[in-house]
Amino acid sequence: MQKQKTFWPYGILISLLLIVLACIITIFVASKAPVYEDNFYFDSYQNVELNYNEIQKNQKTFDENFQLSIKDKESFIHKKNQVYYINEGQNELRISIDNLRNFDLNKLQIQTLLSRPHTNENDEKLQAIIDGSDLVFNFNIKEKGVWQLLVKITQDKNSVGFFKFFLQTK
């Protein structure tokens with residue numbers, strides 16, 4: 001009777017070593033990737049985490065008072081409920097504010113930030129101008145690619161709206 005050699009113990013050992021090697025490579029690659037905070041709420045992650053329910057309540061109050069829509073719909077295409085700006089050479093974005101309760105639009109406090117989705121290196125604070133019932137943003141995008149325009153509009157401490165518009169240059 002001749003003994004047959006089986007190689008399945010070696011296969012188990014090799015697979016375990018490959019799993020450990022894959023974990024080490026994953027940790028090494030992940031530690032080299034920079035971490036960028038999301039600026040959507042114009043606050044630190046910890047403050048957003050602690051006050052998220054209050055933020056959502058303030059957003060709901062804002063949405064009951066105002067409705068924002070894009071003024072120049074021909075310049076935009078919609079993908080997955082996100083707006084991508086596609087006209088090359090334009091550096092102005094107009095957003096129409098529908099004032100549902102006739103509040104004074106000039107009393108709104110507006111913060112804007114032009115940012116890249118994957119990095120905070122090129123962040124630029126922008127000025128927003130209220131022109132009648134329009135909100136006008138002037139920007140100068142220096143690099144091609146996808147950008148995001150983050151907008152925080154404060155009516156009062158109980159009514160704050162947060163909006164994100166994706167801009168794409170070619």
Considering only heavy atoms from C-beta outward, does the side chain of [X] approach that of [Y] to under 4.5 Å?
| X | Y | answer |
| --- | --- | --- |
| Tyr45 | Asp38 | no |
| Leu114 | Asn122 | no |
| Leu135 | Ile110 | yes |
| Leu149 | Leu113 | no |
| Val151 | Gln111 | no |

Practice task
Could you tell me how the ring of Phe165 sits relative to the ring of Phe163: parallel (under 30°), tilted (30 to 60°) or perpendicular (over 60°)?
Solution key: parallel

Are a donor atom and an acceptor atom from the side chains of [X] and [Y] found within less than 3.5 Å of each other?
| X | Y | answer |
| --- | --- | --- |
| Asp63 | Gln67 | no |
| Asn65 | Gln155 | yes |
| Asn39 | Asp123 | yes |

Exercise for the section: Decide whether a cation-pi geometry holds between Lys152 and Tyr41; the criteria are a distance under 6.0 Å from NZ or CZ to the six-membered ring centre and an angle within 45° of the ring axis. Expected result: no

Exercise for the section: Verify the cluster assignment for Leu105 and Ile129: are they in a single hydrophobic cluster under the rule of side-chain heavy atoms below 4.5 Å apart? Expected result: no

Practice task
Could you tell me whether Arg94 and Asp131 have a side-chain N and a carboxylate O separated by less than 4.0 Å?
Solution key: yes

